[in-house]
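Below is one structure; the comments refer to it alone.
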Amino acid sequence: MTLGEALAAARGQIDRLDARLLLQYATGCSHADLLARPEMPVIAPAYAQFAEWVARRVAGEPFAYLVGEAEFRGQVFQVSPAVLIPRPETEVLIDLALAKLAGLTAPRLVDLGTGSGIVAISLALECPAAQVAALDLSADALAVARNNAGRLGARVDFRQGDWFAPLAGERFDLVVSNPPYVADGDPHLALNGLPFEPKMALTDGADGLACIRRIITDAPKHLKPGGWLLFEHGYDQGEASRNLLTAAGFKAASTFPDLAGIDRVSGAHL
Ligand code: GLN
């Protein structure tokens, strides 16, 4: 089997770009190698890996879980089925958080439900003055996040627990979260590889606002005066989020769109 033959066979079954990238991951060849030397033989173990990945991709498994990594804000994060795969729309949360941190000396922030750690680690790397804590209920997710922080050289204080539970008595300048916000039974959960992702990271098992309600209710006990809460949510949850924030005593509740123009992040301050 040559590189060219392997690629041609896979292209009939999966997306062309996925096929090429999987062949590169399996063989260690570059895109230039594939173009310049399609007659190069693929050694048996590499071909076996490639064929296995193609079959799993045909069955709908997300690309990131096959190769065990995904990119976010220019950094490569390791992922496993214990964590949600990074989504580009979460960049909005990072940009808004950085804007709130600007000008504060040694701000304290916490990321609730950190998963692979992308939010906490990106903020730690991009705002080195910040003291960053991150928590998750899942020990498996925390293992992935700790590994990512170590590999990327980010200083993050990871803790295990249910939302604010491990933070009794602590106050922050900023609380950020990308919580599960898809409603139970939403048809979206059956599409686009979502069945392979951790259910606890996607849905609250209720109306989609259960975790958001909990975070908003408990955040005032953990924010300094003037501190901000920012969280990601679904395209139709902006108004409900602002109402919940205002009812909990927050000021200046606002909603911000992602790069696709969809309502994606809401926030307010004490
Ligand atoms: N944006 C994700 C999706 O709809 C959901 C992420 C989340 O629940 N935090 O696929």
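Each ligand, and each atom within it, is numbered from 1 in the order the structure gives. Please read these numbers as outputs of a predicted model, since none were measured by experiment.
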Checklist entry - Do Ser30 and Asp33 get their side chains close enough for a donor-acceptor pair, meaning under 3.5 Å? => result yes

Checklist entry - Does Asp204 pair with Arg213 as a salt bridge, N-O distance under 4.0 Å? => result no

Item to check | Element-labelled atoms of ligand 1 that are located less than 4.0 Å from some non-hydrogen atom of Leu202 | outcome: 5 (C), 8 (O)

Next on the checklist: Please tell me whether Tyr181 and Trp163 are part of a single hydrophobic cluster in this structure, the criterion being side-chain heavy atoms less than 4.5 Å apart.
Outcome noted: yes

Next on the checklist: Restricting to side chain to side chain contact (heavy atoms under 4.5 Å, CB included), what partner residues turn up for Leu191, sequence neighbours left out?
Outcome noted: none

Item to check | Ligand-side contact atoms (ligand 1) for residue partner Glu89, heavy atom cut-off under 4.0 Å | outcome: 1 (N)

Checklist entry - Any heavy atom of Glu197 sitting closer than 4.0 Å to ligand 1? => result no

Next on the checklist: Hydrophobic cluster membership, with links at side-chain heavy-atom distances under 4.5 Å among I/L/V/M/F/W/Y: are Leu104 and Leu174 in one?
Outcome noted: no

Next on the checklist: I need the atoms of ligand 1 closer than 4.0 Å to a non-hydrogen atom of Ala201, numbered in the order shown.
Outcome noted: 7 (C), 8 (O), 9 (N)

Checklist entry - For ligand 1, is there an atom lying under 4.0 Å from some heavy atom of Leu84? => result yes

Checklist entry - If we only count N/O pairs under 3.5 Å, is Tyr181 in contact with ligand 1? => result yes

Checklist entry - Which residue supplies the protein heavy atom nearest to atom 10 (O) of ligand 1, what is that atom called, and how far is it? => result Arg87 NH2, 2.9 Å

Checklist entry - By number and element, which atoms of ligand 1 are closer than 4.0 Å to a non-hydrogen atom of Pro180? => result 8 (O)

Checklist entry - Should you measure from each heavy atom of Asn178, which atoms of ligand 1 turn up under 4.0 Å away? => result 7 (C), 9 (N)

Checklist entry - For atom 4 (O) of ligand 1, what's the nearest protein heavy atom and its distance? => result His188 NE2, 3.0 Å

Item to check | Qualifying salt bridge (charged side-chain N to carboxylate O under 4.0 Å, His left out) pairs with a residue from residues 123-137, counting only residues at least two apart or across chains | outcome: Arg73-Glu126

Checklist entry - Is the closest basic N to carboxylate O distance between Glu69 and Arg151 below 4.0 Å? => result no

Checklist entry - Aromatic rings Trp53 and Tyr25: how do their planes relate, parallel, tilted or perpendicular, breaks at 30° and 60°? => result perpendicular

Next on the checklist: Geometry only, no angles: is Pro179 polar-contacting ligand 1 at N/O separations under 3.5 Å?
Outcome noted: yes

